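The next block holds one structure in the form of structure tokens; read it before the comments.
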Amino acid sequence: MPDVFQVLGGLGLFLIGMAVMRDGLKKLVDQAATKWMSLFTRTPVLAALTGFVVTVLLQSSSAVSVMTIGFVGTGLLSFPRALGVILGANVGSTVTGWLVALIGFKFDLQTITLPLIFVGAMLRLFGRPKFASLGFALAGFGLVFSGVAALQVGLQGVDRLITPEIFPGDTWLGRFLLLLLGLGITLVTHSSAVGVAVAIAAVHVGSLSLTQAAAMVIGMDIGTTATAALATIGATVNARRTGFAHVLFNLLTGLGAFLALPTIVQSLERFAPRWTAANPELALVGFHSTFNIVGVALMLPFASRFA
């Protein structure tokens, strides 16, 4: 039987871990990120790479989007350059899912998370400012995977109570309803990473089919634009354009992924059935990364014209 309190505690640990890790990383790379944003955005490709790297370092595409909108609003970054950063940030946001799927569900986390939290706490308490920030980031990293471990324990047996059959079926309407569910989860938590982690855990234990989880992830990817959209309220024209472009891009890539979803899942099940059955969480994060990468590859050559 699933342990509801264990699941809720795991989610809480994941949330607080993400917040702590993000705060530590932000203090570590804030000045460098600002410098990169202003220097390495001369071409759309460079801007996209910068957006990707900064998002991986900060572990938050929302933070990078808000930062980019702020730079555009103050004139430090032009609208065309900002587009590249936003595109790169979308791909960077998928890295957290890979960490959760590769580390959280493939290794025994208890042997590394608690020592990592201890080392992080010691650095935070006794280290110099830079080491203190590093300690905060390490402790947050440990808390994130402690949360994943708690989710794994709490969800044991959930596949007997919550099965794919109780969710909307594998139809266009059913997938659209799941997309809306994913969108709602992201709007409530203000973090697509949390929703993706839950989807990975659910597909890992069999509570969601790969198609159902993928539909939810598409909704989460669209929902992550909400923070950037809010940041444009009262901003300059170009800042509002940046926020609108972010929403539009995610909607378009989400639409493409939604339309291609049945074909992609059927192809996986036909050509790699054993691997897909054994690694549904990797298939899910692979799908998440792929549709973002394809979207960026299609959009990047036209970024200047679009601007």
Side-chain angles (χ1 to χ4, degrees), residues 22-23 25-96 183 186-187 190-193 218 220-257 288-307:
R22 191 175 297 138
D23 188 59
L25 289 170
K26 193 172 187 299
K27 289 178 180 176
L28 269 177
V29 304
D30 208 14
Q31 291 183 347
T34 302
K35 186 178 180 180
W36 289 350
M37 289 282 227
S38 57
L39 287 180
F40 300 113
T41 54
R42 293 187 299 274
T43 68
V45 174
L46 265 179
L49 287 173
T50 301
F52 173 80
V53 171
V54 175
T55 302
V56 171
L57 290 174
L58 295 182
Q59 283 296 296
S60 173
S61 61
S62 295
V64 174
S65 300
V66 170
M67 188 189 303
T68 303
I69 289 167
F71 286 164
V72 173
T74 56
L76 290 173
L77 205 61
S78 68
F79 174 46
R81 291 186 178 190
L83 280 178
V85 176
I86 293 293
L87 294 173
N90 269 358
V91 179
S93 68
T94 67
V95 171
T96 304
L183 175 64
T186 302
L187 292 177
H190 292 283
S191 173
S192 61
I218 294 170
M220 292 166 191
D221 206 67
I222 296 171
T224 197
T225 63
T227 305
L230 289 172
T232 65
I233 296 174
T236 64
V237 172
N238 278 335
R240 292 201 301 273
R241 285 173 177 162
T242 305
F244 175 72
H246 188 198
V247 173
L248 184 61
F249 172 74
N250 282 38
L251 281 172
L252 290 173
T253 54
L255 176 61
H288 188 199
S289 291
T290 299
F291 79 75
N292 274 285
I293 291 170
V294 170
V296 170
L298 291 174
M299 182 65 185
L300 207 54
F302 307 101
S304 298
R305 289 186 181 181
F306 176 77

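No experiment lies behind these values; they were computed from the predicted model shown.
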Mind listing the closest non-hydrogen atom pair of [X] and [Y] along with its distance?
X      : Y      : value
Ala82  : Val72  : CB-CG2, 3.4 Å
Ala257 : Phe291 : CB-CG, 3.5 Å
Ala297 : Pro301 : O-CD, 3.1 Å

Could you measure the distance from the [atom1] atom of [X] to the [atom2] atom of [Y]? Nearest 0.5 Å is fine.
X      : Y      : atom1 : atom2 : answer
Thr94  : Asp221 : OG1   : CG    : 8.5 Å
Leu300 : Ile293 : CG    : CD1   : 12.5 Å
Arg240 : Ile69  : CZ    : CD1   : 11.5 Å

Practice item. Would you please test Asn90 and His246 for side chain to side chain contact (heavy atoms under 4.5 Å, CB included) and show each step? Key: CA-CA 9 Å; Asn90 269 358; His246 188 198; 3.4 Å; yes

Exercise for review: Under the ring pair (Phe, Tyr, Trp, His ring centres under 6.0 Å) rule, collect the residues that match up with Phe52, sequence neighbours excluded.
Suggested key: none

Check your understanding: Of all residues at least two apart in sequence or in a different chain, which pass the side-chain contact (heavy atoms from CB on, under 4.5 Å) check with Leu183?
Key -> Leu180, Leu187, Ile222

Revision key, fill the gap. Sorted by chain and number, sequence neighbours left out, side-chain contact (heavy atoms from CB on, under 4.5 Å) with Phe306 holds for Leu83, Ala245, Leu248, Met299

Review point. Between Thr253 (side chain) and Asn250 (backbone), is there a donor-acceptor pair under 3.5 Å?
Key: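 Between the backbone of Asn250 and the side chain of Thr253 there is a qualifying donor-acceptor contact (under 3.5 Å).
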
Quick one, [X] and [Y] - any side-chain contact, counting heavy atoms below 4.5 Å?
X      : Y      : result
Ile86  : Ser65  : yes
Thr232 : Thr242 : no
Leu87  : Phe249 : yes

